[in-house]
Amino acid sequence: MKGTTIKLGYAPTRRSIFSAPDAIKYRGLTRDRLLELGVSFVDIDDINPEGLLYDDKDVGPILEKFRREKVDGLFVPHCNFGTEYVVARLARELGVPVLLWGPRDERPDENGIRLRDSQCGLFATGKVLRRFQVPFTYMTNCRLTDPEFERGVKDFLAVCNVVKVFRHTRILQIAPRPFDFWSTMCNEGELLEKFNIQLSPIPLPELTEEVKKAKEEATEVKAVMDYCKETMNIAIKENELENVAALKVAMKRLAAKYGCNAVAIQCWNALQGELGIMPCAANSLMNEEGIPVVCETDIHGAITALLAEAADLNRTPSFFADWTVRHPDNENGELLQHCGPWPLSCAKEKPTIGYPLAFDHPGAVEAEAKHGPVTLCRFDGDNGEYSLLLGRAEGIDGPYTKGTYLWVEVENWKRLEAKLVEGPYIHHCVGIHKDVVPVLYEACKYLGIQPDLYDDNEEQVKAYLRGE
């Protein structure tokens, strides 16, 4: 996965009664620091001679420029006290995540004069943003060279990416959910009305027709087959591998055709009658390329996968799993497992394409996932309310099992188990080999959903976001 570049609107602000020259100085210093960090941004240097936001008449031109440049977030450094009401007007009209920060003030000079009072202005702007009902992210009042600055900016870029992905999600739904899976039902109209999340449902014959076309054209299918032979052990027949490859090609083409960034597929059992394979390995190949494909037409699962990957700026693929059984020896251990759709880069060992645990048809990846820290999460909802379950876990040793799997240890399994049963969650979750808990927690304020930390560590997460 190549990662995503997020573009910020850079609108440093000042107020007239404090030092304009010092504000201009800090506009430049902050700009230089962003360039050092490799941040992509659009400035307002052409809007007025100072390149600062302080005059109400500049709000319109700045807004027009930022919209034209399609910025993903708004960064408002308070280079002195700042002008809180123009900041709020710009932020509300722009409608993207807002990062509020000011450089730490120097000591008063020998005459007792203070040039900026940036911290004081942050207090004022925070209050006015609340009056305007504009959610914002606050980065602690610190120096440009402090580690809190670099960490805060980079985390905010990830938050912007989560919001951008969530607001522009369209999921390719391949066939309805399996009849027995009432737990994966979703409210399509509500997802659209609340979050602008769109579904593109297609019938299974449309998929199988695309598979047929891919096999006839052959070139892409052969390339996928060669890739599988290079990266995996093949324990299925050549014609079955061809069907796996053709299914992968077909899903990618259909996702592109309908403008979708994720897929939810009815993986059993009608598909097996049509193609004679499980789709798991094809799902795995798609997941490795950064197009999440989830099982059992779990729309909420697809949304979760997009959020998890966006929180790492789309640099790491996620894996879609069942919570299955307790660890036989570890009271806080649990088995994460699925038939075989996990991306290859998750694997601890060279994967095999073989047969899944509960089905007779071929086409499932078999591999234990690598250990280490992971984030586990689940977007879900019912009765009109939505939340994001999230927390940390650690990959640990455990007994061998079929499919793609990982034994994990959490801080308090019984607490997590109760949340899963009492809802609104189900037996599906998404994992990613990154700690993205703080980013997802912060993003929830912009998404209109409730963060639900299963580790019961909200104060710790808030402390991290404060720069502690």
Side-chain angles (χ1 to χ4, degrees), residues 1 165 169-178 181 184 186 197-204 206-208 210-211 214 220-221 224 227-228 232 243-268 270-272 274-275 277-310 314 316-322 336-347 351 353 356 359 361 363-365 367 369 377-379 403-404 428-432:
M1 297 175 67
V165 168
T169 282
R170 186 182 299 168
I171 298 169
L172 181 67
Q173 178 185 323
I174 301 176
R177 63 174 173 82
F181 271 65
T184 62
C186 75
I197 292 174
Q198 303 171 29
L199 306 187
S200 297
I202 65 169
L204 192 60
E206 186 170 349
L207 173 67
T208 54
E210 198 65 44
V211 169
E220 281 187 79
V221 172
V224 175
Y227 174 79
C228 291
M232 293 183 277
N243 282 343
V244 168
L247 177 58
K248 184 266 179 184
V249 171
M251 287 195 292
K252 188 171 183 179
R253 288 180 179 179
L254 288 167
K257 175 182 177 180
Y258 290 99
C260 297
N261 54 350
V263 181
I265 185 171
Q266 186 205 85
C267 49
W268 58 277
L271 185 70
Q272 286 68 53
E274 295 293 327
L275 299 179
I277 59 167
M278 299 297 294
C280 313
N283 296 357
S284 171
L285 295 167
M286 290 280 283
N287 285 325
E288 185 67 27
E289 292 187 8
I291 306 172
V293 181
V294 302
C295 315
E296 289 131 6
T297 325
D298 183 359
I299 301 299
H300 291 170
I303 296 168
T304 310
L306 289 169
L307 294 178
E309 293 180 11
N314 302 101
T316 306
S318 63
F319 58 92
F320 181 75
D322 278 0
L336 300 177
Q337 189 270 347
H338 227 266
C339 298
W342 295 4
L344 308 186
S345 55
C346 282
I353 299 184
F359 297 89
H361 292 87
V365 175
C377 51
R378 171 73 188 183
F379 168 85
T404 42
H428 288 166
C429 71
V430 167
I432 187 169

Any heavy-atom pair between the side chains of [Y] and [X] that's under 4.5 Å?
{"X": "Phe320", "Y": "Asn287", "answer": "no"}
{"X": "His361", "Y": "Ile277", "answer": "no"}
{"X": "Gln272", "Y": "Met278", "answer": "yes"}
{"X": "Cys295", "Y": "Pro341", "answer": "yes"}

>> Minimum heavy-atom separation for Thr304 and Cys377, please, with both atom names.
In response: CG2-O, 3.4 Å

>> Minimum heavy-atom separation for Thr297 and Pro176, please, with both atom names.
In response: OG1-O, 3.2 Å

> Where does the angle between the aromatic ring planes of Trp268 and Phe359 fall among parallel (under 30°), tilted (30 to 60°) and perpendicular (over 60°)?
Replying inline: tilted

> Can you say whether the rings of Phe319 and Trp342 are parallel (under 30°), tilted (30 to 60°) or perpendicular (over 60°)?
Replying inline: tilted

> Can Lys248 and Glu288 be counted as an ion pair, charged N to O under 4.0 angstrom?
Replying inline: no

> Under 4.0 Å between a Lys/Arg side-chain N and an Asp/Glu carboxylate O for Arg253 and Glu220?
Replying inline: yes

Are the side chain of [X] and the backbone N or O of [Y] linked by a donor-acceptor pair below 3.5 Å?
{"X": "Asn283", "Y": "Val293", "answer": "no"}
{"X": "Ser284", "Y": "Cys280", "answer": "no"}
{"X": "Thr404", "Y": "Ala367", "answer": "no"}
{"X": "Gln266", "Y": "Leu271", "answer": "no"}

> Checking ring-ring contact (aromatic ring centres under 6.0 Å, His included) for the pair His300/His428: CA distance, chi angles, key distance, verdict?
Replying inline: CA-CA 9 Å; His300 291 170; His428 288 166; over 10 Å; no

> Residues in side chain to side chain donor-acceptor pair (under 3.5 Å) with Ser200, at least two apart?
Replying inline: none

> Which is it for Lys257 and Glu210 under the side-chain contact (heavy atoms from CB on, under 4.5 Å) test, yes or no, and what are the steps along the way?
Replying inline: CA-CA 11 Å; Lys257 175 182 177 180; Glu210 198 65 44; 5.7 Å; no

